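Heavy-atom basis, side chains included; hydrogens, waters and symmetry copies ignored. The first residue of the sequence shown is numbered 1, and numbering continues consecutively from there. These figures come from a predicted structure and were not determined experimentally. We count ligands from 1, going down the list as the structure has it; atoms in each ligand are counted the same way.
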Amino acid sequence: MIDPRGLDRLDISLGQIRRIIRDFELEMERGLSGQKSSLKMIPTYVSRPTGKEIGKFIALDLGGTHFRVLELTLKGAGRALEPKIMKFALAKKHITGSAEMFFGFIADCVKVFLKKYKLESADELDLGFTFSFPVKQAGLAGGSLVCWTKDFNVRGVIGNDVVELLRAALAKKDIRNVKIAALANDTVGTLVAKSYRDRNCDVGVIIGTGTNACYPEARLGGMIINVEWGDFDKLKLTAYDRKLDKKSDNPGRQIMEKAVSGMYLGRIASLVVKDLLGLKPKLKTEDMSAIEGDHSAGLAKTASALKKVGIAKCTSEERRQVKNICETVSGRGARISAACIAAIIKRMDTNLSRRHTVAIDGSVYEKHPTFAKNMKSCLKEIFGSKSNRIKITLAKDGSGRGAAIIAAVAASR
Ligand code: BGC
């Protein structure tokens, strides 16, 4: 029989949500004023676009299991043509090998893209480089990697300028007409892409393999700050979180990411299932989506999802409980994310007197059946009827499009 206390420990009351908001606000302030904080609050040297930028730009979008190259033509007045996109898979050997091999592979992909779209001998192309890891930026087109996240571990990159590494790799492959005009985090790309059309957009969020957010900071004249919220460590942890953290590649780091993002939700749910039901599935976050979206009477989809992850036989009661566990784990992630969004909005607008659009991209937000809904209902609990001033919207492929727009802003300077 399920131990209800086991699951209770993962529930987050409104009181706890308010505490998270307060702690997050304090950590943001500490990070901005150079005090010790789990929030890096990195200045990005990017401001929101005017919507008037025009021209043809290319972008590299790197930060998850897939890497994309795209070309975007901006028409001004907030309009753009549908981008040309090529997607490449990053193998384990690329993300855990040497810097030379990693950036060499990326440069090869750029070459394939230029060839396919007959851009090899085009005039100089400005490129926006989305690199979705914590980077201490020295300016708009340069910055050194602070640490890897999301199980990436390429040797020889930490402490080095990732733009320089890419530039050298492009030169080595004889790609001469591409100029790296800007470096951006994926949250910044997402915010910029949405605010090109929507002037109320002032929060960019990613909830995918990893998680993070950014917003324009009034104290810095509206410059966008990359919060790096995945490293936020003022959350009440359970024994499951501690176990997951201990076994991870980066113990003690990315504590919030480990409670929220797609890389980890399945691992937590598996630990809870093992503890409470004695079953040992190896759930991925996609499996949780299938299970939580299963509304059939006998939970047939849950049975096949469990079969896929090593549980060939289970009772219908066990399936019901597994579904309940998945809902609790993903629901917690959604509520934590909503609390942190609320803290960012409160920093910009204490009384919620304006409208705010929150642009969100990432597989968990996009594909999980209830994550988005749970986030919205948590914001309603926090702000009451004023929550209708907050529009949360999917910004599909925002990070790549945004990088091209950032390159446009840089080029127009
Ligand atoms: C990285 C962030 C990134 C986020 C979403 C995190 O692991 O530290 O820089 O924005 O993942 O991709």
Exercise. Just need the protein heavy atom nearest to atom 6 (C) of ligand 1, so name the residue and atom and give the distance.
Key: E257 OE1, 3.1 Å
Self-check item: For ligand 1, the portion of T211 having any non-hydrogen atom under 4.0 Å away
Solution: backbone
Quiz item: If you measure only the distance, is there a donor-acceptor pair under 3.5 Å linking the side chains of H356 and D349?
Solution: yes
Practice problem: Find the distance between OG1 (T211) and NZ (K150) and round it off to the nearest 0.5 Å. | Solution: 9.5 Å
Self-check item: Atom indices of ligand 1 within 4.0 angstrom of T149 heavy atoms, with elements
Solution: 1 (C), 6 (C), 7 (O), 8 (O)
Practice problem: Measure the acute angle between the ring planes of F105 and H94, then classify it against the limits of 30° and 60° as parallel, tilted or perpendicular. | Solution: parallel
Practice problem: Please could you name the atoms of ligand 1 that G210 approaches to less than 4.0 Å, counting only its heavy atoms? | Solution: 5 (C), 11 (O)
Quiz item: Should one rank G189, S132, G362, C147 by closest heavy-atom distance to atom 1 (C) of ligand 1, which comes out on top?
Solution: S132
Quiz item: Please state which protein non-hydrogen atom is closest to atom 8 (O) of ligand 1 and give its distance, to 0.1 Å?
Solution: E228 OE1, 2.7 Å
Practice problem: Provide the number and element of each atom of ligand 1 under 4.0 Å from a heavy atom of Q254. | Solution: 7 (O), 8 (O)
Practice problem: For atom 11 (O) of ligand 1, grab the closest protein heavy atom and report residue, atom and distance to one decimal in Å. | Solution: K150 NZ, 3.1 Å
Exercise. Provide, to 0.1 Å, the distance between atom 5 (C) of ligand 1 and the closest protein heavy atom, together with that atom's residue and name.
Key: D186 OD2, 3.3 Å
Exercise. Mark the output for G63 as yes if a heavy-atom distance to ligand 1 is under 4.0 Å, and as no if none is.
Key: no
Practice problem: Scan D186, T44, N212 and name whichever one has a side chain to side chain donor-acceptor pair (under 3.5 Å) with N226. | Solution: N212
Quiz item: Does atom NZ of K367 have more than 12 heavy-atom neighbours, drawn from other residues, nucleotides or ligands, at distances under 6.0 Å?
Solution: no
Quiz item: Between K323 and D294, is there a salt bridge with N-O shorter than 4.0 Å?
Solution: no
Practice problem: Look only at interatomic distance and state if N226 has a nitrogen or oxygen under 3.5 Å from any nitrogen or oxygen of ligand 1. | Solution: no
Exercise. Ignoring hydrogens and angles, state whether a donor on the side chain of D161 or S144 is under 3.5 Å from an acceptor on the partner side chain.
Key: no
Quiz item: Mind checking what makes side-chain contact (heavy atoms from CB on, under 4.5 Å) contact with S289, not counting sequence neighbours?
Solution: H368, P369
